[in-house]
Amino acid sequence: MTQQRREGAIRSVAIIGGGTAGWMTAAAISKSFGRDIHVQLVESDEIGTIGVGEATVPHLSMFNRLLQIDEGEFVRQTQGTFKLGIQFNDWGRIGDSYVHGFGTIGRDLGLMPFHQYWLKARAAGRAKDISHYSLNTLAAPQGRFMVPPSDAPPNTPLAEIAYAYHFDAALYALFLRRRAEAQGVVRTEGKVVAVNQAGESGFVESVQLESGAVIAADLFVDCSGFRALLIEQTLHAGYEDWSQWLPCDRAVAVPCAKVGPPTPYTRSTARTAGWQWRIPLQHRTGNGHVYSSAFISDAQAEEILIANLDGRPLADPRLVRFTTGRRRKIWDKNVVAIGLSSGFIEPLESTAIFLIQSGINRLMGLFPQAGFDRILQDTYNAQMHFEYERIRDFIILHYRATQRDDSEFWNHVRTMTIPDTLQSYIDLFAANGQFFREGTELFGLTSWVQVMLGQGITPRTYHPAVDWVKDGDVMNLVQHVEQVIAANVALIPRHEDFIARHCAAQPA
Ligand SMILES: Cc1cc2nc3c(=O)[nH]c(=O)nc-3n(C[C@H](O)[C@H](O)[C@H](O)COP(=O)(O)OP(=O)(O)OC[C@H]3O[C@@H](n4cnc5c(N)ncnc54)[C@H](O)[C@@H]3O)c2cc1C
């Protein structure tokens, strides 16, 4: 039943840009509000999309569920694979390797999280490396994967396997486009050449395309990528630059032929002045080298990338420039920026698509009913800023908590001053292994504990409540968890076999 509309209600939305951000926004808004709101999308074939962005965090499955997307179909259509976490090589010191896995570590007991008991057992020489106590971190390097089986007993590690996806970004955009158009989204191909604003308010009234066509709407979503056509070029929302903490400002990317079964994890290998990603898909492997141009040249960066591919390059390397930071106002007047137009944090923890999803959810939650009440915009901006800043801190942690001193770049990041928020997280963990998640920050206990330990931050002691449990019981708990995790991992098939059975894509 269509409800009576209030005066001034939003009746039309125009999305400017057809990359991952544009089509995710179009698919979600048309699915949720499509009967009442006319949704249009403008994209320019000439400008194209950024063409990278292939690793995710587990939240994407919630977005796909909202759109009633079948998981098997999604993986098949996007040449996707599954991801249990990220393997970090050479980050703490050259030769180090650890996995930041999704999911949980061990089993909590009483008031204390499992890793507190592990700290005591380890101090007594009775515990293995933390990776043995989480299903994801043990299964990933063994190349094993499955989704939680429907017959897994509740509260067992198998019932709680947490995972994300790797996929071909261009195929995902195409997949969403088909759905969005079927849900009524009207797509116009063309380049926006002018933006028309209302005289007094400065609200965007319409955009004009090179063809002369004019597209008007009540609400505009700026998904124009780094160009930030509406939010910056038109409204001058401003940009907070975070390069003093995250000095990488370029990436060179190239796909290569796959040479073996796909790993169920993303790989990040630290290099002289940055790091290299490796993202396995069904039909190829995505690679890129993220680096700081203050420390190495583009030519050196490309040489390092090419020298470290595990298959033959399938295209010419592509250079992308960026400045880490975020827009001072992500929602301004009747323009909401989603995707790269809202800000950018380098892809070390695959968070950009999550930020798109969270921007969409928040926009739908704060969707203006009548007019543009200022509190909606202020709430949106405050929440997005918080989310961006906490992800920023988590990324900085990987650089700051290094012991590497083999290049100018690592000396710089190892000794730089960091935001107070991050410093207090590190100090608290170093004191007695504690971490408290604040509000809606994306990364929780498992993530912070694994990365802090993986990067060599060792707590001086454990929480005193651990001593309230008998020593024998602590050791038994730790040993029992290790055995249960190992036994569960042994039941998981190989990643490639799981894909072959459930979601093999057509050969590309
Ligand atoms: C090096 C790198 C690696 C990344 N890796 C990951 C990752 O592993 N995981 C992850 O989650 N994210 C990653 N990202 C981020 C991810 O790529 C982006 O968040 C995602 O692709 C969204 O991009 P977008 O849609 O905002 O912009 P774009 O893909 O750039 O799309 C912009 C759109 O706007 C259109 N447009 C622009 N100007 C105009 C105009 N004047 N008129 C009409 N149309 C216009 C373009 O044609 C295009 O359709 C990475 C980003 C970079 C730079």
Side-chain angles (χ1 to χ4, degrees), residues 14-26 40-60 63 83 86 164-170 172-174 176-177 187-195 207-211 213 215 220-234 248-254 266-268 274-279 281 286-291 301 305 317-324 327 337-360 391 442:
I15 297 163
I16 309 303
T20 309
W23 284 113
M24 281 178 75
T25 307
Q40 300 182 78
L41 183 144
V42 181
E43 64 178 321
S44 157
D45 289 344
E46 185 194 321
I47 294 174
T49 65
I50 189 104
V52 279
E54 305 192 320
T56 58
V57 291
H59 303 65
L60 192 70
F63 181 79
K83 170 177 173 185
I86 304 175
Y165 311 101
H166 304 120
F167 56 68
D168 182 319
Y172 186 49
L174 199 63
L176 291 178
R177 175 180 158 187
R187 168 187 183 264
T188 306
E189 198 286 315
K191 191 159 145 193
V192 174
V193 290
V195 179
V207 294
Q208 191 182 321
L209 308 189
E210 212 165 30
S211 63
I215 295 195
F220 285 81
V221 187
D222 185 345
C223 295
S224 64
F226 286 136
R227 283 182 168 75
L229 197 67
L230 304 181
I231 198 74
E232 194 59 58
Q233 289 188 36
T234 308
C248 288
D249 59 353
R250 289 187 193 179
V252 56
V254 72
T266 308
R267 181 180 297 151
S268 161
W275 59 279
Q276 182 166 340
W277 80 73
R278 179 184 177 280
I279 300 177
L281 304 179
N287 308 276
H289 182 186
V290 175
Y291 59 97
L305 174 69
R318 225 158 44 80
L319 180 71
V320 183
R321 293 183 170 81
F322 56 82
T323 305
T324 296
R327 217 51 70 194
I338 292 185
L340 298 174
S341 58
S342 70
F344 183 64
I345 300 176
E346 59 164 88
L348 187 58
E349 286 281 356
S350 322
T351 45
I353 293 172
F354 166 79
L355 282 165
I356 295 174
Q357 176 181 350
S358 127
I360 294 169
I391 292 174
L442 170 61

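One-based numbering, in listed order, for ligands and for the atoms of each.
Applying the salt bridge (Lys or Arg N to Asp or Glu O under 4.0 Å) rule to pairs touching residues 40-52 yields Glu43-Arg187, Asp45-Arg187, Glu46-Lys191, sequence neighbours excluded.
With rounding to the nearest 0.5 angstrom, the OG1 atom of Thr351 is 10.5 Å from the CD1 atom of Ile356.
With hydrogens and angles ignored, the 3.5 Å screen pairs no side-chain donor or acceptor of Arg177 with any backbone N or O of Trp23.
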Notebook entry, point to check: Please walk me through it: do Leu442 and Glu349 pass side chain to side chain contact (heavy atoms under 4.5 Å, CB included)?
Noted result: CA-CA 11 Å; Leu442 170 61; Glu349 286 281 356; over 6 Å; no

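Ring geometry for Phe226 versus Phe322: interplanar angle under 30°, hence parallel rather than tilted (30 to 60°).
Nearest heavy-atom pair, Ala169 versus Gly53, reported as atom, atom and distance to 0.1 Å: CB-O, 3.4 Å.
The contact shell of ligand 1, taken as protein residues with any non-hydrogen atom closer than 4.0 angstrom, comprises Gly17, Gly18, Gly19, Thr20, Ala21, Glu43, Ser44, Ile47, Gly48, Thr49, Ile50, Val52, Gly53, Glu54, Ala55, Gly190, Lys191, Val192, Cys223, Ser224, Gly225, Arg227, Leu229, Ala251, Trp277, Val320, Gly339, Leu340, Phe344, Pro347, Ser350, Ala352, Ile353, Ile356.
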